[in-house]
Amino acid sequence: MTQTPIDYEKIYQWILELTIAETKENALVELSSKRESVPDLALLLWYSFGSIASLLQEIISAYPYLTPNQPNLSPHHSSRVCNALALLQCVASHNETRNAFLQANIPTYLYPFFSLDTASKSKTYEYLRLTSLGVIGALVKSDEQQVINFLLSTEIIPLCLRIMENGSELSKTVATFILQKILLDETGLSYICQTYDRFSHVAIILGKLVYNLTKEQSSRLLKHVIRCYLRLSDNSRAREALRLCLPDQIKDDTFANLLKDDKTTRSWLTQLLKNLENTTQTTTTSQS
């Protein structure tokens, strides 16, 4: 199938229009719809005058609506902000702009959407959470050490845990994926297991997810939860603690039907239980 040639004249025009109030909304819509089909869009956005500042301005415009007793954010306004976030995700995903994206501390502009104090779980606010999570998800997919170091230094974990506890199923899934990617990094695993408070907070939230999954099952979310537990079991102190706090639903057949067609996750679960069993045997031997 022949690909449609990229009309760079239009791309350049829309990028220019990002910095003009009267044309910005349409430019956001057009550019966000082209982010998958224009390979160098991230570079064009990053190195064009005023584009990133304009995107950040759009994001900041939503801040006043994120606190209690304020007027609700309209769906129209939320859509504009989500389009800006989608373009930032494009920049975060690109190998040649990711480092500069981090050095400019741009992810921290998204954190207010992670800790929304509004009680509302309406789509208007949920889209903001989810699209913001998508930017961080794009960063961690790179598996670069600098990404993990940045996220740990900016205290992303408590924000992800909050969403894992209170978000929608999809937001919980993306937040758990981000936690999983942090845990898979040696620095991330050491950081979480360094203190009892950090480990226990993670373990408590994972336990709540397991309990909720018994009522509202999601194979995608369960997969990430099990992978998090398995990775925690690679740390000796966490492994000892998991012997005591791993939910019974993970150890019995509660999720057998949900995992019957997922060979990978069943393999992770088997390895997790084996790791904990080996710990039990080692502890018993040392005590006798």
Open item on the list: Run the ring pair (Phe, Tyr, Trp, His ring centres under 6.0 Å) test on Phe114 and Tyr111 for me, step by step, so that the C-alpha distance in whole Å, both residues' side-chain angles and the decisive distance to 0.1 Å come before the verdict.
Closed with: CA-CA 5 Å; Phe114 290 4; Tyr111 289 1; 5.7 Å; yes
If you count heavy atoms of other groups shown closer than 6.0 angstrom to [atom1] of [X], is the number above 12?
X: Asp253; atom1: CG; answer: no
X: Tyr63; atom1: OH; answer: yes
X: Lys34; atom1: NZ; answer: yes

If we ignore angles and hydrogens, is there a donor and acceptor under 3.5 Å between the side chains of [X] and [Y]?
X: Thr254; Y: Asp252; result: yes
X: Asn212; Y: Glu216; result: no
X: Ser61; Y: His77; result: yes
X: Gln13; Y: Glu9; result: no
X: Asp40; Y: Tyr8; result: yes
X: Glu126; Y: Ser168; result: yes

TODO: Measure the CZ-OG distance between Arg162 and Ser171 for me, rounded to the nearest 0.5 Å.
DONE: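 OG of Ser171 is found 13.0 Å from CZ of Arg162.
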Between the side chains of [Y] and [X], is the shortest nitrogen-to-carboxylate-oxygen separation below 4.0 Å, so that they form an ion pair?
X: Glu186; Y: Arg231; answer: yes
X: Glu165; Y: Lys172; answer: no
X: Arg220; Y: Glu169; answer: yes

Open item on the list: Please determine whether side chain to side chain donor-acceptor pair (under 3.5 Å) holds for the pair Ser190 and Thr187, giving the CA-CA distance in whole Å, both sets of side-chain angles, and the decisive distance to 0.1 Å.
Closed with: CA-CA 5 Å; Ser190 297; Thr187 305; over 6 Å; no
Between [X] and [Y], is there a donor-acceptor pair closer than 3.5 Å when you use the side chain of the first and the backbone of the second?
X: Arg243; Y: Leu276; result: no
X: Arg98; Y: Ser93; result: yes
X: Asp262; Y: Thr265; result: yes
X: Ser233; Y: Leu230; result: yes
X: Thr97; Y: Ala42; result: no

Task: Ser32 to Arg35 - nearest heavy-atom pair and separation - done: O-NH1, 2.5 Å
